[in-house]
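Whatever order the structure lists ligands and atoms in, that order sets their numbers, starting from 1.
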Amino acid sequence: MARRPFIVGNWKMHKGPQEADTLATELKRSLVGGGSADVGVAPPYVSLPAVCQRLQHTGIFVAGQDLHPEPHGAYTSAIPGEMLRQTGCEYVIVGHSERRHWFGDDDGVVKLKVAAAFRSGLLPILCVGERLPEREAGRAQEVVLGQIRTAVAGLPVDQVAALTIAYEPVWAIGTGRTATPEIAQSMHHAIRGLLESDYPAYVAKQLRIQYGGSVKPGNAAELLAQPDIDGALVGGASLDAASFVAIVQAANG
Ligand code: PEP
């Protein structure tokens with residue numbers, strides 16, 4: 001069975017409730033009713049209620065950008081998965097490189113967050129990716145496969161199969177520098193190879209691997225044409241309805 005492409009817009013720290021509602025309304029108008037791709041958006045926490053309400057029953061998924069590993073407690077400013085789910089999220093981004101860089105989320109924390117997402121009924125989008133010095137040292141695959149191994153260690157097989165993995169080379173995020181389709185495909189192929197060797201065959205067949213890093217309307221089609229690239233996690237270009245819709249259309253083929 002072919003994997004459905006999965007395009008997710010990560011709005012990061014952009015779009016307060018009103019702007020988010022406007023963007024969600026535009027997406028709803030352009031994207032509902034047709035197309036072979038699954039689509040999701042990840043607004044900031046305060047905009048989740050407006051976006052979840054606007055996109056209810058549209059088939060467009062809503063994702064949190066992060067979650068705390070604990071279900072509740074004295075963790076000022078943090079949001080657990082259960083609250084995201086109650087707000088209407090079905091997915092949550094975990095281990096984004098900006099979380100790893102600015103907030104110190106290391107592989108151990110990412111592992112806890114993946115497990116917490118499943119416990120609260122959310123599907124994690126696990127972000128992995130190497131930094132430029134690691135690529136230049138020839139260590140890109142070792143770093144990325146290591147991040148995945150740690151994040152999924154001990155996870156039941158059905159949960160591994162339900163993951164989305166987003167390969168996002170850190171040097172390509174928000175820089176305008178995109179991995180070539182060959183570089184991206186080669187890493188996606190290695191990720192699928194890891195899944196093939198460690199899990200029953202259906203896991204590698206069904207798990208979707210997104211590419212992320214300066215995906216735009218102009219480069220989406222050739223990236224998405226690669227056999228192991230099943231979608232995209234889109235930052236900057238998801239903030240404008242026309243460019244995000246163009247990327248989704250590239251995924252629709
Ligand atoms: C991201 O934040 O996940 C991302 C890929 O950003 P951009 O598309 O802006 O590089």
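- Ligand 1 has K12 within reach: a non-hydrogen atom of the residue lies less than 4.0 Å from it.
- The atoms of ligand 1 that sit less than 4.0 Å from any heavy atom of G174 are 7 (P), 9 (O), 10 (O).
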Check against side chain to side chain donor-acceptor pair (under 3.5 Å), T25 and R54 = CA-CA 7 Å; T25 304; R54 181 65 61 195; 3.1 Å; yes

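- The ligand atoms of ligand 1 that sit less than 4.0 angstrom from a heavy atom of S214 are 7 (P), 8 (O), 10 (O).
- Atoms of ligand 1 found under 4.0 Å from any heavy atom of G213 (numbered from 1 in listed order, with element): 5 (C), 10 (O).
- Annotation for P43 and A63: closest pair CD-O, 3.6 Å, computed over non-hydrogen atoms.
- Classification of the Y167-H188 ring pair by plane angle, with boundaries at 30° and 60°, yields perpendicular.
- Salt bridge R100/D107: present, at least one basic N to carboxylate O contact under 4.0 Å.
- Heavy-atom contacts from other residues, nucleotides or ligands closer than 6.0 Å to CZ of R99 number more than 12.
- Those atoms of ligand 1 that come under 4.0 Å of a heavy atom in A172, given as number and element, are 10 (O).
- Around NE2 of H68, the count of heavy atoms belonging to other residues, nucleotides or ligands within 6.0 Å exceeds 12.
- For C89 against L122, the heavy-atom pair with the smallest separation is O-CD2, 3.3 Å.
- In this structure, the protein non-hydrogen atom closest to atom 5 (C) of ligand 1 is E168 OE2, 3.1 Å.
- From the protein, the heavy atom lying nearest to atom 8 (O) of ligand 1 is G235 N, 2.8 Å.
- For I173, heavy-atom contacts with ligand 1 shorter than 4.0 Å involve the backbone as well as the side chain.
- In this structure, A237 does not count as a contact residue of ligand 1, since none of its heavy atoms falls inside 4.0 Å of the ligand.
- Distance from atom 9 (O) of ligand 1 to its nearest protein heavy atom, with residue and atom name: G236 N, 2.9 Å.
- Applying the 6.0 Å contact sphere to CD of Q18 captures no more than 12 heavy atoms from other residues, nucleotides or ligands.
- In this structure, atom 1 (C) of ligand 1 lies nearest to the protein heavy atom H96 NE2, 3.2 Å.
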